[in-house]
Amino acid sequence: MAGENRTLREWLMAALVATAILLVCRYIFFAPYQVKGESMYPTLKGNELLIVNKFIYKIKEPKYGEIVVFHSTKDKDFIKRVIGLPGDHIKITNGKLFRNEKEVGESYIANQIDPSTSFEEVVVPKGEIYVLGDNRPHSEDSRAIGPVDEKEVVGRAELVLMPFSQMQLLEP
């Protein structure tokens, strides 16, 4: 009887430790995020469940091409691609994106941008990033909301978890 109680206590302790580890991972390191809308099409179709690395930007800075989740000024989270870092000069001329006077190749964008589309040059302020959706004609991004304060970035999208048929690692 005493052995059974000891075994039960050990199992309960193991379950408590496992739960604590899962909670720490969930609230400090990783979080699930539901994609809504098609602003990141074709990379993300909409309605995917992502795993977001919440810890990565505590130890390193965002990089070009990474897909980030951030708190927007509209009381909801957005997901976009990092296009500009602090000090960068960003503009769109004749439908082409330029960073620091060099054209940026963007194989991930959904539609050819209308060649008549232009956007005045902006300089990304210190402590902020410039983000754009992959589906430019249907994306509310830094062109409309301005650069994003790095403090508002939740994390980097790492994995499409669901639907299972679209499971993939997200790489810049």
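Each residue takes its place number in the sequence, starting with 1.
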Handout entry: Worked check of side chain to side chain contact (heavy atoms under 4.5 Å, CB included) between D88 and V123
Key = CA-CA 6 Å; D88 284 343; V123 178; over 6 Å; no
Practice task
Kindly determine whether H89 and E121 satisfy side-chain hydrogen bond (donor to acceptor under 3.5 Å, both in side chains), including the steps that lead there.
Solution key: CA-CA 6 Å; H89 295 247; E121 183 176 285; 3.0 Å; yes
Exercise for the section: Apply the test side-chain hydrogen bond (donor to acceptor under 3.5 Å, both in side chains) to residues D141 and Y130: give CA-CA distance (whole Å), side-chain angles for both, the deciding distance (0.1 Å), then the verdict. Expected result: CA-CA 8 Å; D141 47 38; Y130 200 84; 5.9 Å; no
Exercise for the section: Check the pair E158 / R156 against salt bridge (Lys or Arg N to Asp or Glu O under 4.0 Å), numbers first and verdict last. Expected result: CA-CA 6 Å; E158 297 283 349; R156 180 176 73 191; 2.8 Å; yes
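Closest of all the heavy-atom pairs between L132 and K80 is O-CB, 3.7 Å. When all heavy atoms are compared, the tightest approach of G127 to P86 is N-CG, 3.9 Å. Nearest heavy atom pair, residue N53 against residue I56, reads OD1-N, 2.9 Å. Scanning both residues, I79 and A157, for their nearest heavy atoms gives CD1-CB, 4.2 Å.
Using a 4.5 Å cut-off on side-chain heavy atoms (C-beta onward), I129 and L85 make contact. Side-chain atoms of I83 and E106, non-hydrogen and from C-beta on, do get closer than 4.5 Å to each other. Inter-residue side-chain proximity for F78 and K36 is flagged as unmet; no heavy-atom pair is nearer than 4.5 Å. At least one side-chain heavy atom of M40 sits less than 4.5 Å from a side-chain heavy atom of R81. Put simply, the side chain of Y57 does not reach to within 4.5 Å of the side chain of V154, judged on heavy atoms. The shortest side-chain heavy-atom distance between V153 and V69 does not fall under the 4.5 Å cut-off.
Of the possible polar contacts, one joining the R136 side chain to the G133 backbone as a donor-acceptor pair under 3.5 Å is found. Between the E48 side chain and the K45 main chain, a donor and an acceptor come within less than 3.5 Å of each other. In this structure, S142 contributes its side chain and V131 its backbone to a donor-acceptor pair below 3.5 Å. Using modelled atom types, no side-chain atom of R99 and backbone atom of Y64 make a donor-acceptor pair closer than 3.5 Å. Of the possible polar contacts, one joining the E66 side chain to the K63 backbone as a donor-acceptor pair under 3.5 Å is found.
No path of Ile, Leu, Val, Met, Phe, Trp and Tyr side chains, each step under 4.5 Å between heavy atoms, connects F98 with V124, placing them in separate hydrophobic clusters.
Separating the CD1 atom in I92 from the CD atom in E103 is a distance of 11.5 Å, to the nearest 0.5 Å. Note that OG of S39 and CG of L44 are 8.5 Å apart. Values are rounded to the nearest 0.5 Å. Rounding to the nearest 0.5 Å places CD1 of I109 at 13.0 Å from OH of Y41. Separation of atoms OG1 (T43) and CG (N135) is listed at 9.5 Å; rounding is to 0.5 Å. The distance from atom CD of E140 to atom OG of S72, rounded to the nearest 0.5 Å, is 7.0 Å. Atoms CZ and OG1, from F119 and T93 in turn, are 11.0 Å apart once rounded to the nearest 0.5 Å.
Note on K91 versus E101: salt bridge recorded, some NZ/NE/NH1/NH2 to OD/OE distance being below 4.0 Å.
Checking H71 against D77 by side-chain atom types alone, a donor-acceptor pair falls below 3.5 Å.
Counting non-hydrogen atoms of neighbouring residues, nucleotides and ligands closer than 6.0 angstrom, the NZ atom of K102 reaches no more than 12 such neighbours.
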